[in-house]
Visitor: 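Okay, handing you the structure first.
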Amino acid sequence: MHLPADFDAEIWDIVAQIPAGRIATYGQLARLAGMPGYARRVGRAMAAAPAGIPCHRVVNAAGRTAPGWTAQRELLEAEGVRFRRNGCADLTHLIDGF
DNA sequence: AAAGTGACGGTTA
DNA sequence: CTAACCGCCACTT
C-alpha cells in the first residue's frame with residue numbers, strides 16, 4: 001500500500017466534515033482515509049493544513065491536544081468539548097459512524 | 001547509509 | 001492514572 005499524492009488533501013476533506021463540538025483522532029482519520037497505520041503522517045498533514053480547516057478538532061488517541069498549541073484547548077472548550085483534570089479532551093465527543 | 005525527530009498508537013508494568 | 005517501551009511513517013541531520 002502506498003501513499004497517494006493527494007493524501008494531505010484527502011485528510012483535510014475529512015477534517016472539514018467534522019462538526020463543531022466533535023473531535024477525531026489522528027489514527028481514526030488515517031483509517032477513514034483507507035490508510036491504517038499512518039497516524040503519524042496525518043499529524044504532518046495537520047501541521048501543513050491551510051487556514052479554514054478545523055484542525056483544532058483533531059487530537060491524539062489519548063485526547064491530548066497538539067504540543068505547543070495552547071489555543072487548541074480553548075477553541076474546543078468554546079465549542080462545548082469537555083476536558084478532564086489530566087488535560088485530555090473527553091473522548092465521548094469523538095466522531096462515530098462517519 | 002545511519003541516526004535522530006515528531007500535531008502517533010498500542011501494550012505492559 | 002502515569003511512564004516506559006517498542007513499532008510505526010516520513011523527513012532531516
Side-chain angles (χ1 to χ4, degrees):
Chain A
M1 192 179 278
H2 111 333
L3 191 68
D6 60 347
F7 180 78
D8 284 14
E10 286 186 28
I11 296 299
W12 297 337
D13 283 346
I14 298 174
V15 173
Q17 295 176 40
I18 304 175
R22 306 299 298 285
I23 58 180
T25 71
Y26 299 94
Q28 198 172 17
L29 292 172
R31 287 190 295 274
L32 286 173
M35 299 299 294
Y38 281 69
R40 238 173 164 133
R41 185 61 185 72
V42 171
R44 186 161 281 284
M46 289 302 93
I53 301 297
C55 45
H56 62 278
R57 296 180 187 142
V58 183
V59 299
N60 72 7
R64 203 162 16 256
T65 54
W69 189 17
T70 57
Q72 182 178 15
R73 172 171 179 164
E74 298 168 20
L75 288 169
L76 289 175
E77 289 183 316
E79 294 182 350
V81 176
R82 306 270 225 97
F83 277 74
R84 298 176 154 274
R85 189 184 297 279
N86 58 349
C88 292
D90 187 344
L91 297 180
T92 59
H93 298 85
L94 276 179
I95 58 176
D96 46 280
F98 196 71

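Just so it is clear: chains get the letters A, B, ... in the order the sequence lines come, proteins before strands, and each one is counted from 1.
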Visitor: Compare the minimum distances between each of B/dA7, C/dC9, B/dC8 and the side chain of A/Asn60, then state the nucleotide with the smallest one.
Guide: B/dC8
Visitor: Is any side-chain heavy atom of A/Asn86 closer than 4.5 Å to a side-chain heavy atom of A/Arg64?
Guide: no
Visitor: Taking OH from A/Tyr38 and P from C/dC11, how many angstroms apart are they, rounded to a whole number?
Guide: 11 Å
Visitor: Salt bridge between A/Arg44 and A/Asp8, side-chain N to carboxylate O under 4.0 Å?
Guide: no
Visitor: Using the C1' atom as the point on both nucleotides, what is the distance between B/dA1 and C/dT13, in whole Å?
Guide: 12 Å
Visitor: Given B/dG9, C/dT2, B/dA7, which nucleotide is nearest the side-chain atoms of A/Ala39?
Guide: B/dG9
Visitor: For A/Arg44 and B/dG6, give me the distance from atom CZ to atom P, rounded to whole Å.
Guide: 11 Å
Visitor: Between A/Val59, A/Thr92, A/Leu76, A/Leu91, which is the residue that forms a side-chain contact (heavy atoms from CB on, under 4.5 Å) with A/Val81?
Guide: A/Leu76
Visitor: Round to the nearest Å and state the distance from A/Arg41 atom CZ to B/dC8 atom C1'.
Guide: 13 Å
Visitor: Could you tell me the separation between the CZ atom of A/Phe7 and the C1' atom of B/dA7, rounded to a whole number of Å?
Guide: 13 Å
Visitor: Would you call the rings of A/Trp69 and A/His56 parallel, tilted or perpendicular, where under 30° means parallel and over 60° means perpendicular?
Guide: perpendicular
Visitor: Can you find an N or O donor on one side and an acceptor on the other, under 3.5 Å apart, linking the side chain of A/Arg40 with the base of B/dC8?
Guide: yes
Visitor: Counting the atoms with a prime plus P, OP1 and OP2 as sugar-phosphate, which does A/Tyr26 contact under 4.0 Å by heavy atoms, base, sugar-phosphate, or nothing?
Guide: base
Visitor: If only atom types and distance count, is the side chain of A/Gln28 paired as donor or acceptor with the main-chain N or O of A/Asp96 below 3.5 Å?
Guide: no
Visitor: Which is true for A/Ala61 with a 4.0 Å heavy-atom rule: it touches a base, it touches only sugar-phosphate, or it touches nothing?
Guide: sugar-phosphate
Visitor: A/Arg64 CZ to B/dG6 C1': how many Å, rounded?
Guide: 14 Å
Visitor: Nearest-Å distance, CD1 (A/Ile18) to P (B/dA7)?
Guide: 19 Å
Visitor: Distance check needed: B/dG9 P versus A/Met35 CE, whole Å only.
Guide: 16 Å
Visitor: To the side chain of A/Pro67, which of B/dG9, C/dC9, B/dA7 is closest?
Guide: B/dA7
Visitor: What's the CG-C1' distance between A/Leu29 and B/dA7, to the nearest Å?
Guide: 12 Å
